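See below for the structure under consideration.
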Amino acid sequence: MSLSTPISKAYAAAVAYAVIIGFSFIFVKFALRSTDPVGLLAHRFTVSFAAANLLALTGWGKFRISGPGFIKLLPIAVFYPSLFFVFQAFGLSRLPSSEAGIIQAAIPIMTMVLAALFIKEHATVWQKLCILMSVGGVSFIVVMSGQQTGTGTAKLTGYILILLSAFSSAVYNVMARKLTQTYRVAEMTYIMMGIGFVVFNAISLSQHAVRGTLADYFEPFADMRFVISILYLGLLSSLLTSYLTNYALSHIQASQMSVFINLSVLVTISAGILVLRETLAWHHFAGAVLILGGVIGVNVRGNRYKKRHFRT
């Protein structure tokens, strides 16, 4: 397969997305040491939206969106970034980054089911088996972790929040897969960043106003580690990954794209061990093997899959 073909570029975008997301869990952990989850999201999307506007002003990614077009794109921004990152941020405040990353590997099976139901995009039997193998790795890790350490209320809440984050991502994958056939990638990305900026800043500023701490809104920027983290999360993990995801979804199946989130699990595991000094047991690695095998299996056969036309 030529590296210059749209499909090859879509896979390259998906891999880049997975690597960036894999490291993002570490930067979220660092940023949460200086602010709360809502404050983190507000600053994250302020950086993202500012960068998106700068790119638009310089002529990159020009777009035109009508009122009806904005309404059609609004729902995807509700699920991603709004709900996805809210659930992720609060979930990460209760779980180690490595476990949170592993749980989000459930996104592909959710996407596969939703894609079949709503856009009539059916996976092959082989793809279904590989997705199940990948999700089986997730289930194995969660079950074994619960048996060895016990699952307290806080940790159980963390699991639920991360699963809700995964579901939000799956809904976005399916909705964006169809919308990319009509709207440009730059248009979709800009709307997503704009909605995230408005929603999270409105919540954060409201919280500060109620507490009488508006003067503390920019206080986290006194910590250089927070500044570095928020730049990574805003520019790469929000703006760039949204563009990469939208681009990939314009060329490959929703279930094929979603399974790349599982590659980020391997990055998250490695980063958690090396940077945060988190400890992992043998079952984490065994589950990772199943996850990686599923990712490869889905996409090796996925190129041969003949997509059905979308209904309009």
Side-chain angles (χ1 to χ4, degrees), residues 10-11 13-25 28 76-92 95 97-119 121-123 127-142 158-178 180 192 237-238 241-242 244-249 252-269 287-288 290-299 302:
Y11 280 123
V15 171
Y17 157 82
V19 172
I20 294 170
I21 291 297
F23 278 105
S24 71
F25 286 84
V28 168
I76 67 169
V78 171
F79 285 98
Y80 188 99
S82 301
L83 293 179
F84 174 81
F85 284 114
V86 165
F87 291 136
Q88 184 194 77
F90 281 98
L92 280 170
L95 289 177
S97 63
S98 52
E99 287 191 35
I102 290 167
I103 293 170
Q104 284 205 317
I107 290 173
I109 194 168
M110 295 179 182
T111 302
M112 180 182 67
V113 173
L114 293 175
L117 289 174
F118 294 104
I119 60 175
E121 189 176 77
H122 299 279
Q127 287 177 312
K128 291 176 182 178
L129 290 174
C130 289
I131 289 174
L132 288 174
M133 180 173 71
S134 184
V135 176
V138 177
S139 302
F140 176 72
I141 291 169
V142 172
Y159 283 139
I160 293 172
L161 289 170
I162 294 298
L163 283 172
L164 288 173
S165 174
F167 179 75
S168 299
S169 178
V171 173
Y172 157 74
N173 285 332
V174 173
M175 296 177 68
R177 171 64 175 150
K178 189 168 185 177
T180 53
M192 290 163 62
S237 188
S238 296
T241 58
S242 294
L244 293 172
T245 305
N246 290 333
Y247 178 82
L249 283 168
I252 62 177
Q253 286 179 258
S255 57
Q256 283 180 273
M257 175 58 204
S258 65
V259 81
F260 274 92
I261 190 65
N262 293 353
L263 278 182
S264 69
V265 172
L266 304 183
V267 178
T268 300
I269 289 174
L290 294 174
I291 291 168
L292 183 58
V295 172
I296 295 172
V298 168
N299 288 283

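Residue numbers run from 1 in the order of the sequence given. As the structure is a computational prediction, the values presented were derived from the model and not from experiment.
Between Gly136 and Leu290, the shortest heavy-atom contact is C-CD1, 4.4 Å. Of all heavy-atom pairs between Ser242 and Met192, the closest is OG-CE, 3.7 Å. When all heavy atoms of Ala248 and Ala10 are compared, the closest pair comes out as CB-O, 3.6 Å. Closest heavy-atom contact between Leu161 and Phe87: O-CB, 3.2 Å. Here the closest heavy-atom approach between residue Ser237 and residue Ser24 is recorded as OG-CB, 3.1 Å. The two residues Ala115 and Ala254 make their nearest non-hydrogen contact at CB-CB, 4.5 Å.
Atom CD of Glu121 sits about 11.0 Å away from atom NZ of Lys178, to the nearest 0.5 Å. With rounding to the nearest 0.5 angstrom, the OG atom of Ser169 is 11.5 Å from the CG atom of Leu83. To the nearest 0.5 Å, the span separating CG on Leu249 from CD1 on Ile76 amounts to 9.5 Å. If you take CG on Leu244 and CZ on Phe260, they are separated by 12.0 Å, rounding to the nearest 0.5 Å. Distance check: His122 NE2 to Gln127 CD gives 12.5 Å after rounding to the nearest 0.5 Å. One distance of note links CD1 of Ile21 with CD of Gln88; it measures 7.0 Å at 0.5 Å rounding.
Contact annotation: the side chain of Ile107 approaches that of Asn173 to within less than 4.5 Å [non-hydrogen atoms, C-beta and beyond]. For the pair Phe90 and Val86, the minimum side-chain heavy-atom distance is below 4.5 Å. A heavy-atom distance below 4.5 Å is not found between the side chains of Arg177 and Thr111.
Relative orientation of the Tyr80 and Tyr172 rings is parallel, given thresholds of 30° and 60° on the angle between their planes.
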Verdict with supporting geometry, Met175 and Phe118, side chain to side chain contact (heavy atoms under 4.5 Å, CB included) | CA-CA 9 Å; Met175 296 177 68; Phe118 294 104; over 6 Å; no
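Partners of Ser165 under the side chain to side chain donor-acceptor pair (under 3.5 Å) rule, at least two apart in sequence or in another chain, are Gln104.
Residue Phe167 places its CZ atom among 12 or fewer non-hydrogen atoms of other residues, nucleotides or ligands, all under 6.0 Å distant.
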